[in-house]
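Since this is a predicted model, take the numbers as computed values, not measurements. Start at 1 with the first residue, then count along the sequence.
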Amino acid sequence: MQQPASPKKLKFPPWLFGALIVPFGLFMIGRGIMKQNSVEVGGQCSNRDECKAPADSCLSVDGRSFCSMFCADSCPNGTKCMAIDLSTNTGVGMTNLPNSKVCLPADLAK
């Protein structure tokens, strides 16, 4: 009995992998550069580099991340200055900053 012919495996030339992966990598780098310093205080962010001055941090509160800054009484862009307990990673360990005043989006400042 004759065995059925096995399907031929596709072989891709090595240069094809590079031709596909390099443009994707360049796109991701460009996307990251375009997002730097583009998010106002109160806007959603995924890291601190996206936040535009005067914002100095990307905070996570109630499952949302947004650009924020420390404040005394008032905040820009319709955000409100509220006291919250913060924890931050200093690279050496976690530091607690109780009762820190930061600018929060109006819907979180309750």
Side-chain angles (χ1 to χ4, degrees):
M1 193 179 335
Q2 188 177 11
Q3 293 196 5
S6 61
K8 291 187 176 186
K9 292 183 180 180
L10 293 175
K11 289 187 178 182
F12 291 102
W15 62 265
L16 185 59
F17 179 72
L20 295 174
I21 199 72
V22 169
F24 179 74
L26 292 174
F27 167 76
M28 294 303 288
I29 290 169
R31 183 174 165 241
I33 290 171
M34 295 294 287
K35 289 182 100 177
Q36 286 183 342
N37 300 318
S38 64
V39 181
E40 302 271 344
V41 173
Q44 290 187 346
C45 59
S46 58
N47 66 58
R48 181 177 177 257
D49 292 337
E50 295 176 1
C51 299
K52 183 189 298 188
D56 53 15
S57 62
C58 181
L59 293 181
S60 293
V61 177
D62 289 341
R64 291 174 43 198
S65 295
F66 51 87
C67 291
S68 186
M69 60 186 265
F70 288 100
C71 59
D73 292 319
S74 62
C75 293
N77 302 330
T79 57
K80 293 186 179 182
C81 188
M82 299 294 293
I84 63 172
D85 294 333
L86 291 176
S87 291
T88 184
N89 187 347
T90 61
V92 178
M94 295 299 287
T95 301
N96 292 324
L97 303 170
N99 207 26
S100 299
K101 287 186 144 189
V102 295
C103 296
L104 296 175
D107 63 327
L108 286 177
K110 294 180 182 179

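Of all the heavy atoms in Cys45 and Phe66, the pair that sits closest is SG-C, 3.3 Å. Contact record, Asp73 with Cys81: O-CB, 3.4 Å, taken as the closest heavy-atom pair.
Applying the side-chain contact (heavy atoms from CB on, under 4.5 Å) criterion to Glu40, with sequence neighbours excluded, gives Lys52, Asn77. Judged as a side-chain hydrogen bond (donor to acceptor under 3.5 Å, both in side chains), and not counting sequence neighbours, the contacts of Ser60 are Ser65.
Side-chain contact check for Arg64 versus Pro105: some heavy-atom pair is nearer than 4.5 Å. Contact check for Asn47 versus Cys58: no side-chain heavy atoms found under the 4.5 Å cut-off.
Ion pairing between a basic and an acidic side chain is recognised when a charged N comes within 4.0 Å of a carboxylate O; Asp107 and Lys80 show no such pairing.
Each of Met82 and Val41 belongs to its own hydrophobic cluster when Ile, Leu, Val, Met, Phe, Trp and Tyr are linked at side-chain heavy-atom distances under 4.5 angstrom.
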For residues 97-104, run the donor-acceptor check on the side chains, cut-off 3.5 Å, and write out each pair with its distance to 0.1 Å, sequence neighbours left out.
{"unit_1": "Ser100", "atom_1": "OG", "unit_2": "Leu97", "atom_2": "O", "d": "2.8"}
{"unit_1": "Lys101", "atom_1": "NZ", "unit_2": "Ala72", "atom_2": "O", "d": "3.2"}

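Within the 3.5 Å criterion, the main-chain N or O of Asp56 finds a donor-acceptor partner in the side chain of Arg48.
Interatomic distance, OG of Ser68 versus CD1 of Ile84, reported as 7.0 Å (0.5 Å rounding).
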